[in-house]
Amino acid sequence: MTRLPLEGITVVSLEQAVAAPFATRQLADLGARVIKVERPGPGDFARGYDESVHGQSSYFVWLNRSKESLTLDIKTPGGREVLEKLLGEADVFVQNLAPGAARRLGLGAQDLAGRHPSLIVCDISGYGNTGPWSDRKAYDLLVQCETGVVSLTGSPEEPAKVGISIADIAAGMYAYSGILTALYERRATGRARAVEVSLFEALSEWMGSPAYYTAYSGTQPARVGAQHATIAPYGPYEAADGRTVLLAIQNEREWTSFCTVFLDDAALATDERFRRGSSRVARREELNAIVAARFAELTAADAVKLLDEAKVANARLNSVAEYWEHPVLAGRDRWRDVATPGGPVRALLPPATISGLSPRMDPVPAVGEHTDDVLRGLGYDDPAISALRADGAV
């Protein structure tokens, strides 16, 4: 089997919920050994979010394959000793504990730099480790609200959050890329740099376009549901059979082709009302009525056929179940079986396909499944492990 790029790299993660586990799972995908430190007993609280996947949490199964689970109470002397030994052998330490908890435990980046100078430390927080909100709790919905995402999403009558945890996912992605950068830097210079990512700043990056639009136009993009705030026609239309088809016009060539082929009205392409993108947005309701009337004459299949003929990008509004069985995922062989404590599940390969490399798709661990193995690897014998258990350290 081809050696994976991160084989030989050890990651210790005091992680919970989504952001840090997403970052470390991606490191594990590329071959890193990820030791997930969990609370004795319940473990990562994300294990209890739901019981939908063979009695396990959908979040946990998604985020924690290919990891080793070590239960550890780091507030006990024995647990802290184990953690320090782990960090002494690790390349990367990741944490997303409650605000200020890492600093209070002496696990901040500056503290660890003195004890473990070659260790790359990645801190993931809600609003940053410094600043006026450093001690404020942050959850995905709250960050979506604070960054303005919710004000852009939904209908004119009602704002809505994005249906997935985009703040956590964004933070996990930037933590992952930041850690890779720090590993590259350490290899090139020998210097271990700290990485800090906040959910707020990660999602702030994603707000770039509407933020610039608002700051320099003086007007916030409107909430227009599944339509586009600044492009038209762009969004969903109902076909005669009740199915919803979405289309996206990106330029004048597509607009002309759409009018000629789909609307069967070439003159509309040069109609002064809709001649430019800005005029189409200004007359969105009038234009949508024309487009909707044409869709009402066609089945979804016929509409898609005409849109394809016009070379206009389009999609059907799939349910999650329809996405799960999507022909692109099947046709590109993106699914693999992964073992979990409750039984096997289908899991998608990581989205970045690297030629000649097959990512790790190892089991999702049970709480503390690897505790004894990790401790033995640190030099603890069976009596010492029993003593740690008796003290509640593991």
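This one's a predicted model, so the numbers in the text were calculated from it and none came from an experiment.
In summary, Arg316 and Glu238 do not engage in a salt bridge, as defined by a charged side-chain N under 4.0 Å from a carboxylate O. A salt bridge is defined here as a Lys NZ or Arg NE, NH1 or NH2 lying under 4.0 Å from an Asp or Glu carboxylate O, and Asp135 with Arg103 meets this definition. A salt bridge does not link Arg191 to Glu185: none of the charged side-chain nitrogens sits closer than 4.0 Å to a carboxylate oxygen. Ionic pairing of Arg33 and Glu68 is present here: one or more N-O contacts between side-chain nitrogen and carboxylate oxygen are shorter than 4.0 angstrom. Salt bridge present: Arg65 and Asp29 bring a charged side-chain N and a carboxylate O closer than 4.0 Å.
Here the side chains of Tyr234 and Leu246 are not in contact, with every heavy-atom distance at 4.5 Å or above. Looking at Lys75 and Arg80, their side chains never come closer than 4.5 Å, going by heavy atoms from C-beta outward. Within the 4.5 Å cutoff, no side-chain heavy atoms of Leu268 are placed close to those of Thr260. By the 4.5 Å heavy-atom criterion applied to side chains, Val338 and Asp362 are not counted as neighbours. Looking at heavy atoms from C-beta onward, Val18 lies in side-chain contact with Leu63 at the 4.5 angstrom threshold. When side chains are defined from C-beta on, Val197 does not count as touching Asp123, because their heavy atoms never get closer than 4.5 Å. Taking 4.5 Å as the limit, some side-chain heavy atom of Ser58 sits within range of a side-chain heavy atom of Ser52. Between Ile354 and Leu30 there is a side-chain heavy-atom pair separated by less than 4.5 Å.
Of all the heavy atoms in Tyr213 and Thr230, the pair that sits closest is CE1-CG2, 3.5 Å. The two residues Thr214 and Gln220 have their closest heavy-atom pair at OG1-CA, 3.4 Å. In plain terms, the two heavy atoms of Ala248 and Glu254 that are nearest each other are O-OE1, 3.6 Å. In terms of heavy atoms, Gln26 sits closest to Gly172 at NE2-O, 4.0 Å. Between Ala90 and Leu119, the shortest heavy-atom distance links the atoms O-CD1, 3.6 Å. The nearest pair of heavy atoms linking Pro365 to Phe60 is O-CE2, 3.9 Å.
The CG atom of Asp372 sits 4.5 Å away from atom CD1 of Ile385, with the distance rounded to the nearest 0.5 Å. We find the CZ-OG distance between Phe22 and Ser165 to be 11.0 Å, quoted to the nearest 0.5 Å. For the atom pair Arg334 CZ and Leu329 CG, the distance stands at 8.0 Å (nearest 0.5 Å). The NZ atom of Lys85 lies 4.5 Å from the CD atom of Glu81; values are rounded to the nearest 0.5 Å. Rounded to the nearest 0.5 Å, atoms CE (Met207) and CD (Glu201) are 14.5 Å apart. Here Glu297 contributes atom CD and Asp264 contributes atom CG; the two are 9.5 Å apart, rounded to the nearest 0.5 Å.
Residue Glu15 is tested with Arg25, Lys67, Arg39 for a salt bridge (Lys or Arg N to Asp or Glu O under 4.0 Å); the sole match is Lys67. Checking Tyr237, Phe295, Trp255 one by one against Phe262, the ring pair (Phe, Tyr, Trp, His ring centres under 6.0 Å) holds for a single residue, Phe295. Val92 pairs in a side chain to side chain contact (heavy atoms under 4.5 Å, CB included) with only one of the listed residues (Val195, Val121, Ile179), which is Ile179.
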task: Go through the steps for Ile120 and Arg193 under the test side-chain contact (heavy atoms from CB on, under 4.5 Å), then give the verdict.
output: CA-CA 6 Å; Ile120 293 166; Arg193 294 186 183 274; over 6 Å; no

task: In sequence, state the C-alpha distance, the side-chain angles, and the governing distance for Lys36 and Asp44, and then conclude on side-chain contact (heavy atoms from CB on, under 4.5 Å).
output: CA-CA 9 Å; Lys36 180 184 180 75; Asp44 180 347; 3.0 Å; yes

Stepwise side-chain contact (heavy atoms from CB on, under 4.5 Å) test for Val34 and Val94: CA-CA 10 Å; Val34 176; Val94 181; over 6 Å; no

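Atom CD of Glu322 has more than 12 heavy atoms from other residues, nucleotides or ligands within 6.0 Å. Atom OH of Tyr139 sits in a sparse spot, with 12 or fewer heavy atoms from other residues, nucleotides or ligands closer than 6.0 Å.
Under the 3.5 Å distance criterion, with hydrogens and angles disregarded, no donor-acceptor pair is assigned to the side chains of Thr76 and Asp73. Side-chain contact check for Thr71 and Thr371: at least one donor-acceptor pair (N or O, by modelled atom type) lies under 3.5 Å. Under the 3.5 Å distance criterion, with hydrogens and angles disregarded, no donor-acceptor pair is assigned to the side chains of Ser69 and Glu369. A donor and an acceptor atom, one from each side chain of Asn129 and Ser134, are nowhere located under 3.5 Å apart. In the model, Gln56 has a side-chain atom that pairs as donor or acceptor with a side-chain atom of Thr340 under 3.5 Å.
Linking ILVMFWY residues whenever their side-chain heavy atoms come closer than 4.5 Å, directly or via other members, leaves Val245 and Leu317 in distinct clusters. Transitive grouping of hydrophobic side chains (ILVMFWY, heavy atoms separated by less than 4.5 Å) keeps Ile124 and Leu14 in distinct clusters. When hydrophobic clusters are built by joining Ile, Leu, Val, Met, Phe, Trp and Tyr residues whose side-chain heavy atoms come closer than 4.5 Å, directly or via intermediates, Val149 is grouped together with Tyr174. Residues Phe93 and Leu183 fall into different hydrophobic clusters, defined by Ile, Leu, Val, Met, Phe, Trp and Tyr side chains chained together at heavy-atom separations under 4.5 Å. Residues Val61 and Leu349 fall within the same hydrophobic cluster, defined by Ile, Leu, Val, Met, Phe, Trp and Tyr side chains chained together at heavy-atom separations under 4.5 Å.
The closest donor-acceptor contact from the side chain of Asp241 to the backbone of Thr299 lies at 3.5 Å or more, if one exists at all. Side chain of Arg223 to backbone of Pro156: a donor-acceptor contact under 3.5 angstrom is found. Judged by distance alone, with hydrogens and angles left aside, the side-chain atoms of Asp140 form a donor-acceptor pair with the main-chain N or O of Asp168 at under 3.5 Å. No side-chain donor-acceptor contact under 3.5 Å links Ser257 to the backbone of Arg253. Panel note: side chain Arg360, backbone Ser66; a donor-acceptor pair is recorded below 3.5 Å. Formation of a donor-acceptor pair under 3.5 Å by the Arg273 side chain with backbone atoms of Arg280 is not found in this model. Between the side chain of Arg336 and the main chain of Asp333, a donor-acceptor pair closer than 3.5 Å is present. Checked by atom type and distance alone, the side chain of Ser57 never pairs as donor or acceptor with a backbone atom of Gly48 at under 3.5 Å. In this structure a side-chain-to-backbone donor-acceptor pair under 3.5 Å is present from Glu7 to Leu4. Remark: the backbone N or O of Gln16 is paired with a side-chain donor or acceptor of Asn96 at under 3.5 angstrom.
Taking the six-membered ring where the residue is Trp, Tyr59 and Trp62 present tilted rings, their angle falling between 30° and 60°. Ring geometry, Tyr127 versus Trp133: the interplanar angle exceeds 60°, so the pair is classed perpendicular (tilted spans 30 to 60°).
In this structure, Tyr380 has no ring-ring contact (aromatic ring centres under 6.0 Å, His included) partners at least two apart in sequence or on a different chain. Here Thr130 pairs with nothing under the side-chain hydrogen bond (donor to acceptor under 3.5 Å, both in side chains) rule; sequence neighbours left out.
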